[in-house]
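The next block holds one structure in the form of structure tokens; read it before the comments.
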Number of protein chains: 2
Amino acid sequence: MTHPQIVTEQSPAEKSRLWLRYLQQQGYRITGSRRAVVDALAQAERSLTAADLYEIGRAKHKGLGLVSVYRTLEKLEELGLVQRVHGPGGCHAYISAQDGHNHMLVCENCGRVEMFEGDDLKDFTRNLEKQSGFRIHEHWLQFFGVCTECQA
Amino acid sequence: MTHPQIVTEQSPAEKSRLWLRYLQQQGYRITGSRRAVVDALAQAERSLTAADLYEIGRAKHKGLGLVSVYRTLEKLEELGLVQRVHGPGGCHAYISAQDGHNHMLVCENCGRVEMFEGDDLKDFTRNLEKQSGFRIHEHWLQFFGVCTECQA
DNA sequence: CATTATAATGAAAATGATTTTCAATATCAT
DNA sequence: ATGATATTGAAAATCATTTTCATTATAATG
Ligand SMILES: [Mn+2]
Ligand SMILES: [Mn+2]
Ligand SMILES: [Zn+2]
Ligand SMILES: [Zn+2]
């Protein structure tokens with residue numbers, strides 16, 4: 001448990017392209033509204049709410065409706081491309097998901113998110129199962145603090 | 001990181017009494033509505049939403065209003081007597097809080113919560129701070145699974 | 001115990017976020 | 001280009017939570 005590894009990202013452009021292709025492969029159509037929401041999420045380094053995305057997306061796609069933001073988020077979440085960020089300050093923001101299991105370090109001030117892995121909770125989980133009788137399926141490990149930019 | 005310790009609770013009756021006294025000490029009055037909500041929370045071994053508490057509380061205090069449930073939850077949370085339970089299934093349920101820092105093991109099926117401590121994330125946190133540049137204030141470690149009763 | 005100041009109450013209205021409905025439009029396979 | 005239909009945004013509906021407000025209950029005081 002002493003070796004966190006911060007996960008690095010693809011470029012936003014790459015990410016947008018892959019997501020849109022994936023949406024299409026799943027039988028969804030590529031539209032201006034979806035492109036606007038996908039682009040905003042792919043470029044974001046901080047978590048965004050539906051309202052945030054509405055505002056940002058409107059810059060690219062003039063007529064974007066808030067409804068489409070919700071509908072796009074729903075699909076992206078289903079496909080595992082974005083995930084909700086839960087925290088003491090709220091649970092309604094989304095960020096691009098990583099492949100596989102990993103965890104978040106969240107800035108309490110600006111919402112910036114770093115993903116990391118490298119926790120090693122196998123033994124701890126096994127012991128907790130033994131002590132509690134629970135069958136454990138999943139865990140969350142999250143850290144909250146203030147990012148470098150917000151410290152300045 | 002291999003020694004979780006499940007935290008044991010006071011009796012529900014004891015808990016109710018202490019909470020009500022504490023409310024009074026803080027200048028709040030003890031009323032039927034508050035007693036109903038406090039009793040329900042103190043007896044619960046699973047997390048409860050405002051709607052749950054409204055239903056349960058109504059059994060004790062016929063005229064209980066949903067508004068008072070919300071108002072009581074607000075105060076209990078302020079005083080650190082209850083805390084919100086966040087999980088993949090939702091973030092609007094409350095459970096009695098423990099003194100000091102600890103973590104939750106949540107049943108995905110019935111909402112039962114066990115508290116534990118004994119994680120040791122000091123080194124991990126320090127390393128994560130070094131790698132990320134964040135100043136870390138807080139962490140969440142939660143496990144989700146199925147409790148013994150729900151396995152049967 | 002009776003009086004009293006006021007904290008707390010519940011009903012109803014207001015709010016705010018999300019979802020549903022629906023007629024019009026855009027996408028994409030042909 | 002055409003046509004089937006998935007997607008759209010506006011408006012309405014829904015749902016949880018909060019606010020308002022006139023009434024009631026609490027607890028301190030005499
Ligand atoms: Mn992990
Ligand atoms: Mn801890
Ligand atoms: Zn920040
Ligand atoms: Zn259970």
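Scope of the values below: all heavy atoms of this structure, side chains included, with no hydrogens, waters or symmetry mates.
Map Tyr28(B) and Val67(B) each onto its nearest nucleotide of DNA chain C; the residue landing nearer the 5' end is Tyr28(B). If Arg29(B) and Glu74(B) are placed on DNA chain D by their nearest nucleotide, the residue sitting closer to the 5' end is Glu74(B). Comparing His92(B) and Val69(A) along DNA chain D, the residue whose closest nucleotide (by nearest heavy atom) sits nearer the 5' end is Val69(A).
With a 6.0 Å radius and a threshold of 12 heavy atoms from other residues, nucleotides or ligands, Glu55(A) has its CD atom at or below the threshold.
Listed by chain and number, the residues in a side chain to side chain contact (heavy atoms under 4.5 Å, CB included) with Gln24(B) are Ile30(B) (sequence neighbours excluded). Not counting sequence neighbours, the partners of Gln83(B) by the side chain to side chain contact (heavy atoms under 4.5 Å, CB included) test are Ile95(B), Ala97(B), Met104(B), Met115(B). Every residue was checked against the salt bridge (Lys or Arg N to Asp or Glu O under 4.0 Å) condition with Arg21(B), not counting sequence neighbours, and none meets it. For Pro12(B), the side chain to side chain contact (heavy atoms under 4.5 Å, CB included) partners two or more places apart in sequence, or in a different chain, are Gln43(B). For Thr148(B), the side chain to side chain contact (heavy atoms under 4.5 Å, CB included) criterion is met by no residue, not counting sequence neighbours.
Counting any heavy atom pair closer than 4.0 Å across all strands shown, Arg71(B) reaches a base atom.
Sorted by first and then second residue, the ring pair (Phe, Tyr, Trp, His ring centres under 6.0 Å) pairs with a member in residues 13-50 of chain B form an empty list; sequence neighbours excluded. For the salt bridge (Lys or Arg N to Asp or Glu O under 4.0 Å) condition, no pair includes a residue of residues 85-110 of chain B, sequence neighbours left out. For residues 102-122 of chain A, the ring pair (Phe, Tyr, Trp, His ring centres under 6.0 Å) pairs, not counting sequence neighbours, are His101(A)-His103(A), His103(A)-Phe116(A), His103(A)-His139(A), Phe116(A)-Phe143(A), Phe116(A)-Phe124(B). Among residue pairs with one or both ends in residues 85-95 of chain A, those qualifying as side-chain hydrogen bond (donor to acceptor under 3.5 Å, both in side chains) are Arg84(A)-Tyr94(A); sequence neighbours excluded.
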| task | Tell me, with the steps shown, if Leu141(A) and Leu121(B) meet side chain to side chain contact (heavy atoms under 4.5 Å, CB included). | result | CA-CA 10 Å; Leu141(A) 174 62; Leu121(B) 293 168; 3.9 Å; yes

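Against DNA chain C, the stretch residues 19-27 of chain A makes heavy-atom approaches under 4.0 Å through Gln24(A). Taking every heavy atom of residues 50-58 of chain B and every atom of DNA chain D, no pair lies under 4.0 Å.
Here Thr31(A) does not reach the OP1 or OP2 of dT27(C): none of its side-chain N or O atoms lies under 4.0 Å away.
To the nearest angstrom, P of dG10(C) lies 11 Å from NZ of Lys62(B). The interatomic distance linking Tyr94(A) (OH) with dA17(C) (C1') rounds to 12 Å, in whole Å.
Running 5' to 3' along DNA chain D, contacts with non-hydrogen atoms of chain B at under 4.0 Å begin and end at dA16(D) to dA27(D).
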